[in-house]
Amino acid sequence: MIIALFGFILLFITILQAFMPKFLKPTEAFGVYIPDSHTKDSVVIKLKNTYTTVVLTFGMIIFGVYLWWALTQNPAEETLALVSVGVQFTTLFVSIGYYFMMHLRMKRLKETQGWLIGKSEVRVVDVKFQEKLKLIPRVLFIIPMFVTIGLIIYTFMKYDQMPEMIPTHWGPTGEADAFSEKTYFSVVALPLILLVMQGMFLMMSEGMKFSGARLNPANKKASLVQQLAFRKYTSLLALFITIGITLMMGYFHLQTIHPEISSSLIMWALPLTFLILTFTVVGIYVIKVGQSGSRLKVEENSPAIENKIAVDEDRYWKGGMFYMNKNDPSIMVEKRFGVGWTLNFAHPISWIVLLVPLLLIFGISFLL
């Protein structure tokens, strides 16, 4: 079953990475802006198809070799887990490396063919965008945080009844395999980490309110509808994951206080179910919504502005992945490669948003 779990993750990563160009806005390929008039050029389509073929072929070969090794060599559980994670990261690094190669080829193609010559860049805005934006209410993210705070208070109330050794890590089979001595800090370490994670998803949802919308001059109305829907569904996805991790980590913690509710089967099945549900929901989100809502079908149409294109911001995207624009007040921006959001790394607050939660999580883990 462990092989099936790691194999499923590897297969998901391979397919998602291979078909990523299909899920992005037509006007963006490998982190490079493409004017609407060139999105269907044969050379652009060929580069996307080549990327998909190469990454998918490599990933399936790795997947096959991994399954053969795991099923025929009968590795120890620790070895299996270590190799499985290594294979997953190898697949990611290879796909990202090939992405950067395609990024450079797309940039050269854009420059040599002069796609921007004779075009005027315009920035299309909707002054009522914030009013039209319908995200999941903030309170729905705050409720799980209050549940976690209540769990921390309840833990202190039950401190004397808790075991002298507190589980801090569980293996693939659901059995605890790492412990810390009982202290007032160690007994609430897991809820504290959960609270930080809940705060991260709250900040992500709230951050979308203050991120500028990049509308397509070729079809402002359709682009607007897609942008609004994309942010709404992203907020919904964040809430789903928040509730999922709250239920899972909440149970992990409660079974330490109340061993009678502990079950190896539940400890094994709960994270597996959460993982499968999350991957399924993310897959649906990527396929049905796409980056910036590009895969959503809308009926709204508006006439294209002749010889006008969106502002080319390639110079702010380092490698097509890292956005650095000190003149943009947005902390969060839509990714150019991948579905979701990234940070404006030229904004000091972005580094606070990124580093503070990570330092808190690593700090809590280190002190156990």
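Heavy atoms only: backbone and side chains are in, while hydrogens, waters and symmetry mates are out. Residue indices begin at 1 and follow the sequence shown.
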Evaluation steps, ring-ring contact (aromatic ring centres under 6.0 Å, His included), between F337 and Y99: CA-CA 9 Å; F337 193 80; Y99 154 82; 4.5 Å; yes

Distance (rounded to the nearest 0.5 Å) between T53 OG1 and K46 NZ: 11.0 Å

Any donor-acceptor N/O pair, Q291 side chain to R336 backbone, under 3.5 Å: no

Ionic contact status for E313 with R123, cut-off 4.0 Å: yes

Sequence-distant partners of S294, side-chain hydrogen bond (donor to acceptor under 3.5 Å, both in side chains), two or more places apart: none

More than 12 heavy atoms from other groups under 6.0 Å of CZ on F185: yes

Donor-acceptor contact present, side-chain S235 to main-chain K232, <3.5 Å: no

Lys/Arg-Asp/Glu bridge criterion (N-O < 4.0 Å) met for K107, D314: no

Closest approach of A238 to T242 (non-hydrogen atoms, all atoms of both residues): O-OG1, 2.8 Å

ILVMFWY cluster, I136 and I284 together (side-chain gap under 4.5 Å): no

Parallel, tilted or perpendicular: ring planes of W341 versus F230, cut at 30 and 60 degrees: parallel

Residues N325 and Y323: side-chain donor-acceptor under 3.5 angstrom: yes

Near-ring test W317/F322, centroid separation under 6.0 angstrom: no

Side-chain touch T183/S186, heavy atoms, less than 4.5 angstrom: yes

Residues Q227 and E334: side-chain donor-acceptor under 3.5 angstrom: yes

Atom CZ of F89 with >12 non-hydrogen neighbours under 6.0 angstrom: no

Path from V65 to I62 over hydrophobic side-chain contacts below 4.5 Å: no

Verify same cluster id: I364, L358 (apolar side-chain graph, 4.5 Å): yes

Sequence-distant partners of F12, ring pair (Phe, Tyr, Trp, His ring centres under 6.0 Å), two or more places apart: F279

Flag, side chain of R295 to backbone of I287, donor-acceptor distance under 3.5 Å: yes

Aromatic ring proximity Y159/Y184, centre distance under 6.0 Å: yes

Residues Q198 and T148: side-chain donor-acceptor under 3.5 angstrom: yes

K182 side chain reached by M162 side chain, heavy atoms, under 4.5 Å: yes

Exceeds 12 heavy-atom contacts within 6.0 angstrom, atom CD of Q130: yes

Non-hydrogen side-chain atoms of K48 and F19 separated by less than 4.5 Å: no

Worked verdict on F129 versus V125 for side-chain contact (heavy atoms from CB on, under 4.5 Å): CA-CA 8 Å; F129 183 81; V125 298; over 6 Å; no

Nearest-0.5 Å distance that lies between atom CE in M321 and atom NZ in K335: 8.5 Å

Greater than 12 external heavy atoms within 6.0 Å of K326's NZ: no

T52 side chain to A18 backbone, donor-acceptor under 3.5 Å: yes

NZ/NE/NH1/NH2 to OD/OE distance under 4.0 Å, R108 and E111: no

Side-chain heavy-atom pair Y33, I309 within 4.5 angstrom cut-off: yes

Any side-chain heavy-atom pair of M101 and F30 under 4.5 Å: no

Geometric class of the F100/H103 ring pair [parallel <30°, tilted 30-60°, perpendicular >60°]: perpendicular

Rounded distance [0.5 Å steps], CE in M197 versus CG in L360: 13.0 Å

Where L151 and P191 come nearest, the two heavy atoms and their spacing: CD2-CG, 4.4 Å

Between T14 and T91: side-chain donor-acceptor atoms closer than 3.5 Å: no

Pairwise side-chain contact, T155 with V187, heavy-atom cut-off 4.5 Å (strictly under): yes

Minimum heavy-atom distance between K288 and L296, given as atom pair plus value: O-CD2, 3.4 Å

Step-by-step side-chain contact (heavy atoms from CB on, under 4.5 Å) determination, L92 to Q88: CA-CA 6 Å; L92 275 175; Q88 292 166 15; 5.9 Å; no

Side-chain heavy-atom pair Y233, L228 within 4.5 angstrom cut-off: no

SB check K110 D312 (cutoff 4.0 Å): yes

Shortest non-hydrogen contact from T280 toward I276: OG1-O, 2.7 Å

Common cluster, Y316/F210, ILVMFWY with side-chain heavy-atom separation under 4.5 Å: no

Polar contact flag, side-chain donor to acceptor under 3.5 angstrom, S95-Y51: no

N216 and K221 side chains, donor-acceptor separation under 3.5 Å: no

Close side-chain approach of R231 to K134, heavy-atom, < 4.5 Å: no

Step-by-step side-chain contact (heavy atoms from CB on, under 4.5 Å) determination, V289 to F23: CA-CA 8 Å; V289 179; F23 305 136; over 6 Å; no

Non-hydrogen atoms of F63 and G7 that approach each other most closely: CE1-O, 3.3 Å

Aromatic ring proximity, centroids under 6.0 angstrom, F201 and F141: no

Common cluster, I96/M60, ILVMFWY with side-chain heavy-atom separation under 4.5 Å: yes

Salt bridge R214-D328, side-chain N to carboxylate O under 4.0 Å: yes

Salt-bridge criterion met for E28 and K25 (N-O under 4.0 Å): yes

